[in-house]
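Read the structure below first, then the notes.
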2 protein chains.
Amino acid sequence: MKQVISIMKALGEENRFRIVMMLRERSLCVCEICSVLEISISTVSTHLKQLSHAGLIEGQKDGRWVMYRLAEDEFVPDLLKIVQRRLTDTKQLERDRKLVLKASPEKCSALLRMELERK
Amino acid sequence: MKQVISIMKALGEENRFRIVMMLRERSLCVCEICSVLEISISTVSTHLKQLSHAGLIEGQKDGRWVMYRLAEDEFVPDLLKIVQRRLTDTKQLERDRKLVLKASPEKCSALLRMELERK
DNA sequence: TCTATATTTTGATATTTGTAGAAATGACGG
DNA sequence: CCGTCATTTCTACAAATATCAAAATATAGA
């Protein structure tokens, strides 16, 4: 029961929900997610940890970046398929999706560097 | 999106999750749920309100009691079916189920009266 | 090995949320 | 109508959680 509850809890927060929906498009590194959600890196990392513990996503080192993707079981896709059917207002998710399509680990690391310099 | 998130949030809390699972057995009044979960009536009422707003359950006056039942759309049963598949540790839920089978609005109101007298 | 970079962890803070008791509401039976 | 009973709402508080900045960790490349 606890396991299922932790899954629901993980999906019951807007930023984490958006992360999971973004990962349906493709796998993403931490800073890519960060650039779409516009929240701090540490917060994104915390959310990813929680999603990972719930078994919804998996992270794997790839060169300089840790790429996160949806868990490859049958449960997660089934759950998201049902959730998809219930979705009404999808504006935010569509916006996120467009940003994901334009993003890449290289680009968003450049962006973060610029932001850092401005400070 | 907000609607789906509120559903997940509603299911992402142990007591609310247990309530929903109990309601799969049959419809229940507030004090029956209260007697199974062993938390205060006002807290149960708050949880029921949240579940109701999320569209997971519906309440209806029936004589002295308000009977709550699962929402009668196709989404909720589908969601719970998938969730059921993922359930591993079901001890708590089985215990709840047994208590539900023994309970009735009449019995639990008598129980509450006794508790009140003891105070 | 040294430096730059991506991520995680830590510590601190503000907000949200679960909880209970008391008061208010609403409904049934005499 | 009036009292009883089931439920909801209000108020207050403790615990959980989302958040960020800074420090720590890890890794790739020079």
Side-chain angles (χ1 to χ4, degrees), chain A residues 2 5-6 8-19 27-35 37-54 57-68 103-117 119, chain B residues 5-6 8-19 27-35 37-54 57-68 103-119:
Chain A
K2 308 270 187 193
I5 290 173
S6 79
M8 296 302 164
K9 193 172 288 185
L11 289 174
E13 199 274 337
E14 178 164 337
N15 285 324
R16 283 192 300 266
F17 184 79
R18 285 167 66 191
I19 291 173
S27 62
L28 298 165
C29 74
V30 180
C31 62
E32 281 180 295
I33 295 168
C34 183
S35 74
L37 297 183
E38 293 185 286
I39 56 178
S40 78
I41 304 182
S42 59
T43 301
V44 171
S45 182
T46 305
H47 284 321
L48 290 169
K49 192 176 164 188
Q50 194 174 339
L51 287 167
S52 180
H53 276 130
I57 67 173
E58 290 161 3
Q60 189 166 24
K61 267 267 173 192
D62 176 18
R64 288 195 281 171
W65 295 284
V66 178
M67 300 304 288
Y68 281 91
S104 75
E106 289 80 5
K107 278 189 213 161
C108 75
S109 73
L111 270 171
L112 285 175
R113 210 176 313 123
M114 277 170 57
E115 233 174 82
L116 210 65
E117 275 166 21
K119 283 176 189 172
Chain B
I5 290 173
S6 79
M8 296 302 162
K9 194 173 288 187
L11 289 173
E13 198 275 335
E14 178 164 337
N15 284 324
R16 284 193 299 267
F17 184 80
R18 284 167 67 190
I19 290 173
S27 62
L28 297 166
C29 74
V30 181
C31 62
E32 281 179 295
I33 295 168
C34 183
S35 75
L37 297 183
E38 293 185 287
I39 57 179
S40 79
I41 303 181
S42 61
T43 301
V44 170
S45 183
T46 305
H47 284 321
L48 289 169
K49 191 177 165 189
Q50 193 174 339
L51 287 167
S52 181
H53 276 130
I57 67 173
E58 291 162 2
Q60 188 166 25
K61 267 266 174 190
D62 178 17
R64 289 194 280 173
W65 296 284
V66 179
M67 299 304 288
Y68 283 91
S104 76
E106 289 79 8
K107 275 189 213 159
C108 75
S109 73
L111 271 171
L112 285 175
R113 210 174 315 126
M114 277 170 58
E115 233 173 80
L116 210 67
E117 277 165 20
R118 243 191 290 127
K119 280 178 190 168

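Just so it is clear: chains get the letters A, B, ... in the order the sequence lines come, proteins before strands, and each one is counted from 1.
Counting to the nearest Å, the C1' atom of D:dA16 and the CD atom of B:E14 are 15 Å from each other. Rounded to a whole Å, the CD atom of B:E38 is 15 Å from the C1' atom of C:dT19. Rounding to whole angstrom units, CD of residue B:Q50 and C1' of D:dT8 are separated by 15 Å. Rounded to an integer number of Å, the gap from NZ of B:K9 to C1' of C:dT15 is 12 Å. Protein atom CG of A:L51 is 16 Å distant from nucleotide atom C1' of C:dT7, rounded to whole Å. Nucleotide C:dT8 holds its C1' atom 14 Å from the CD1 atom of A:I57, rounded to whole Å. When the P atom of C:dT8 is taken as reference, atom CD of A:Q60 falls 13 Å away, rounded to whole Å. At whole-Å resolution of the value, NE2 in A:H53 and P in C:dT8 are 12 Å apart.
Remark: B:Y68 OH to B:L28 CG distance equals 12.0 Å, nearest 0.5 Å. Considering OG of A:S52 and CD of A:E58, their distance stands at 7.5 Å, rounded to 0.5 Å. A distance of 9.0 Å separates CD1 of B:I5 from CZ of A:R18, quoted to the nearest 0.5 Å. Between atom CE of residue B:M67 and atom OG of residue B:S27 there is a gap of 4.0 Å, rounded to the nearest 0.5 Å.
For the pair A:T43 and D:dT19, the criterion of a side-chain N or O lying under 4.0 Å from OP1 or OP2 is not met. In this structure, A:Y68 reaches the C:dT8 phosphate: one of its side-chain N or O atoms is under 4.0 Å from OP1 or OP2.
Ranking D:dT9, C:dT8, D:dT19 by closeness to the A:I41 side chain, first place goes to C:dT8. The side chain of B:E13 lies closest to C:dT19 when the candidates are D:dT19, D:dT7, C:dT19. Closest to the side chain of B:C31, from the set C:dT8, D:dT7, D:dC20, is D:dT7. You'll find that the side chain of B:N15 is closest to C:dT19, out of C:dT8, D:dA6, C:dT19. Among the nucleotides D:dC20, D:dA18, C:dG18, the one closest to the side chain of B:H47 is C:dG18. Checking D:dT8, D:dC20, D:dT7 against every side-chain atom of B:W65, the shortest atom distance belongs to D:dT7.
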Nucleotide N/O of nucleotides 27-30 of chain C paired with protein N/O under 3.5 Å:
none

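Judged by distance alone, with hydrogens and angles left aside, the side-chain atoms of A:R16 form a donor-acceptor pair with the main-chain N or O of A:K9 at under 3.5 Å.
Where the helix from C:dT1-D:dA30 to C:dG30-D:dC1 starts and where it ends, the local axes point in directions that differ by 30°; five pairs per end, rounded to 10°.
Mapping B:V44 and A:S42 onto DNA chain D via the closest heavy atom, the residue that lands nearer the 5' end is B:V44.
The pair A:K107-A:E32 does not meet the salt-bridge criterion, since no charged nitrogen lies less than 4.0 angstrom from a carboxylate oxygen.
Tested against A:H47, the residues A:I39, A:I57, A:I33 include a single side-chain contact (heavy atoms from CB on, under 4.5 Å) partner, A:I39.
A donor-acceptor pair shorter than 3.5 Å cannot be found between the side chains of B:T46 and B:T43.
The two residues B:V44 and B:C34 have their closest heavy-atom pair at CG2-CA, 3.9 Å.
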